Number of protein chains: 2
Amino acid sequence: MAVSQPVKRGRPSTAKLSEQNIAEAALDIIDERGWSALTMNALATRLNVRAPSLYHHIEGQHDLINLVRALIVSEIETESLASLDWEEATRVFGMSYYRAFLAHPNAIQILSVTPIDDRATFQMYEAFLSALDRAGWAAERALEVLVGLEYLALGSAYEANASEMMLNAQRAEDNGAPVLAKFLRARSDSDSLVEEVFVHLLDDFIRMFKSERDRAASS
Amino acid sequence: MAVSQPVKRGRPSTAKLSEQNIAEAALDIIDERGWSALTMNALATRLNVRAPSLYHHIEGQHDLINLVRALIVSEIETESLASLDWEEATRVFGMSYYRAFLAHPNAIQILSVTPIDDRATFQMYEAFLSALDRAGWAAERALEVLVGLEYLALGSAYEANASEMMLNAQRAEDNGAPVLAKFLRARSDSDSLVEEVFVHLLDDFIRMFKSERDRAASS
DNA sequence: ACCTGAACACCGTTCAAGT
DNA sequence: ACCTGAACACCGTTCAAGT
């Protein structure tokens, strides 16, 4: 009679876990089933391990979130920024920031409200702000550019994937909002490239700050 | 000997709960201790009731969130929009949208990712989009204005209260980001009125779309 | 050092029992 | 109709026991 294999106890000969593969598995779960599906149990199961094992490698949920952030941020272009003027730097940074999060829209909701606490993300901000600093931007305005850009990029990336769910045409109709319903349907019909919309907003955004600087310079 | 009062069982002579006071208590908890503190237990305790009682009045968490949304949205100006042109409508709507959420920054993170399912919110969108519709805006572009405006308003309102927490100058310093740290410190020193920053962004935003329309009209 | 099962204090939600 | 305690299946996290 075959006896069911007993679960091995104690330390395995080769470690199954690492910060790296934990972060990757976490991001996979977020991408596939949303942030709410990322429980310690689900994460452990995907890694063929029990939940308590995770605590030998990460400190808890907050730590886990910042590992996921570092993974996404690593896809953002920062090296070339040092050799560009502020307009080009803003465009390059904005586009790659947008693309990085467009690939992981489900991560946005949790990352946008968790305090930043990982080196990769600080270095990303530093690279972009240094470009503005070299161009002589004041602190207030430089941070406004950064924050405004983040809102547009994160908003557009989230919107591209989740707008159908947040604002549904049929529910709009049912709640006495025919104009909204008409607009929502017209958009989904045209089915435009979502990236085009962001490129458009990014252009407007840069032009807006450029014209302000030109006015200030000529006065 | 005084005997401890036994807890009353069964239906009380006058009902303790209603959708209204549940929603208000929920918003109070969110304002005071953040969204994560809004558990059914905490909510019930504040209303002098046990958690299961809530389910006689609300269907669950999703329902509760939309009740809170309706409460906040009720503070947004919509009546005057019908008599304004699109620029003024955008300014009035944007400002009151911003102010409504500035008063409840902790609600933003959950509301911005929960599908909209309450009449008050649909009616708010309808009022604003009707103003753009009357001005002849195309569906794509009108939704871009709405969505862009929401990001700027929600972002600024959240930022005004939580930016210290999200991006901390000392942590920036510790992670090798001196330019970011310098900018963050310069801003907190100047301590400008947060509303001024949003007014500035809102002006820029409207001008951005206006110049685009003017170009399109003259071609 | 690193994985495990057992245990703890919590969750949201259901439901029969009470008035 | 509406509030209650008990119960259910989950959470994240801690910790002693194993190798």
Side-chain angles (χ1 to χ4, degrees), chain A residues 3-27 29-30 33-68 109-110 113-115 117, chain B residues 3-27 29-30 33-68 106 109-111 113-115 117:
Chain A
V3 183
S4 68
Q5 193 84 350
V7 177
K8 268 198 205 111
R9 304 284 306 266
R11 183 187 183 198
S13 47
T14 66
K16 298 171 165 180
L17 300 177
S18 66
E19 275 200 355
Q20 183 70 18
N21 71 354
I22 290 175
E24 287 169 358
L27 184 52
I29 292 175
I30 290 174
R33 299 192 284 133
W35 148 250
S36 65
L38 181 62
T39 67
M40 291 298 184
N41 232 308
L43 182 55
T45 299
R46 177 178 279 260
L47 291 160
N48 292 312
V49 120
R50 310 293 156 205
S53 308
L54 298 168
Y55 291 81
H56 289 280
H57 303 268
I58 61 173
E59 289 177 21
Q61 266 179 327
H62 185 266
D63 193 30
L64 179 61
I65 291 163
N66 274 310
L67 286 174
V68 170
Q109 57 178 293
I110 181 64
V113 297
T114 306
D117 203 10
Chain B
V3 183
S4 69
Q5 194 81 352
V7 177
K8 268 198 203 110
R9 306 284 307 266
R11 184 189 183 196
S13 47
T14 65
K16 297 168 164 182
L17 299 177
S18 66
E19 273 199 357
Q20 182 71 16
N21 71 354
I22 290 175
E24 286 168 0
L27 185 51
I29 292 175
I30 290 173
R33 300 193 282 131
W35 148 249
S36 66
L38 180 62
T39 66
M40 292 297 184
N41 232 309
L43 182 55
T45 299
R46 177 178 276 261
L47 291 161
N48 292 313
V49 118
R50 311 291 156 204
S53 308
L54 297 167
Y55 291 81
H56 290 280
H57 301 269
I58 60 173
E59 289 177 23
Q61 268 180 326
H62 186 264
D63 194 30
L64 178 61
I65 291 164
N66 275 310
L67 286 174
V68 170
N106 292 337
Q109 56 177 294
I110 181 64
L111 293 184
V113 297
T114 307
D117 203 10

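As the structure is a computational prediction, the values presented were derived from the model and not from experiment. Within every chain, numbering begins at 1; the chains are lettered A, B, ... in the order of the sequence lines, protein sequences first and strands thereafter. Reckoned from all heavy atoms, side chains included, excluding hydrogens, waters and symmetry mates.
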Exercise for review: For nucleotides 14-19 of chain D, just jot down a letter per nucleotide in 5' to 3' order: B, S or -, based on protein non-hydrogen atoms under 4.0 Å.
Suggested key: BB--BB
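Both key distances under 3.5 Å define a Watson-Crick or G-U pair, and stretches of 3 or more such consecutive pairs in DNA chain D run C:4-8 with D:12-16, C:12-16 with D:4-8.
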Review point. Step by step, would you call B/W35 with B/I65 a side-chain contact (heavy atoms from CB on, under 4.5 Å)?
Key: CA-CA 10 Å; B/W35 148 249; B/I65 291 164; 4.0 Å; yes
Check your understanding: Going through the checks in order, is the side-chain contact (heavy atoms from CB on, under 4.5 Å) test met by A/L64 and A/L54?
Key -> CA-CA 10 Å; A/L64 179 61; A/L54 298 168; over 6 Å; no
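Between the NE2 atom of B/H62 and the P atom of C/dT13 there is a distance of 12 Å, given to the nearest Å. With rounding to whole Å, A/L17 atom CG is found 9 Å from C/dC2 atom P. Residue A/I22 contributes atom CD1, which lies 11 Å from atom C1' of C/dC2 at whole-angstrom precision. As a whole-Å value, the separation of A/N41 CG from C/dC11 C1' is 14 Å. Whole-Å rounding puts the B/M40 CE to D/dG5 C1' distance at 18 Å. Put simply, CD1 on A/I58 is 14 Å from P on C/dC2, counting in whole angstrom units. Atom pair A/L47:CG and C/dT4:P shows a separation of 11 Å (rounding to whole Å applied). Separating the CG atom of B/L43 from the P atom of C/dT13 is a distance of 12 Å, rounded to the nearest angstrom.
The phosphate of D/dC3 (OP1 or OP2) has a side-chain N or O of B/H57 nearer than 4.0 angstrom.
A 4.5 Å side-chain heavy-atom check between B/H56 and B/L17 finds every atom pair outside the cut-off.
The nucleotide whose nearest atom lies closest to any side-chain atom of B/Q61 is, among C/dT13, C/dT4, D/dT4, C/dT13.
A side-chain donor-acceptor contact under 3.5 Å links B/N21 to the backbone of B/K16.
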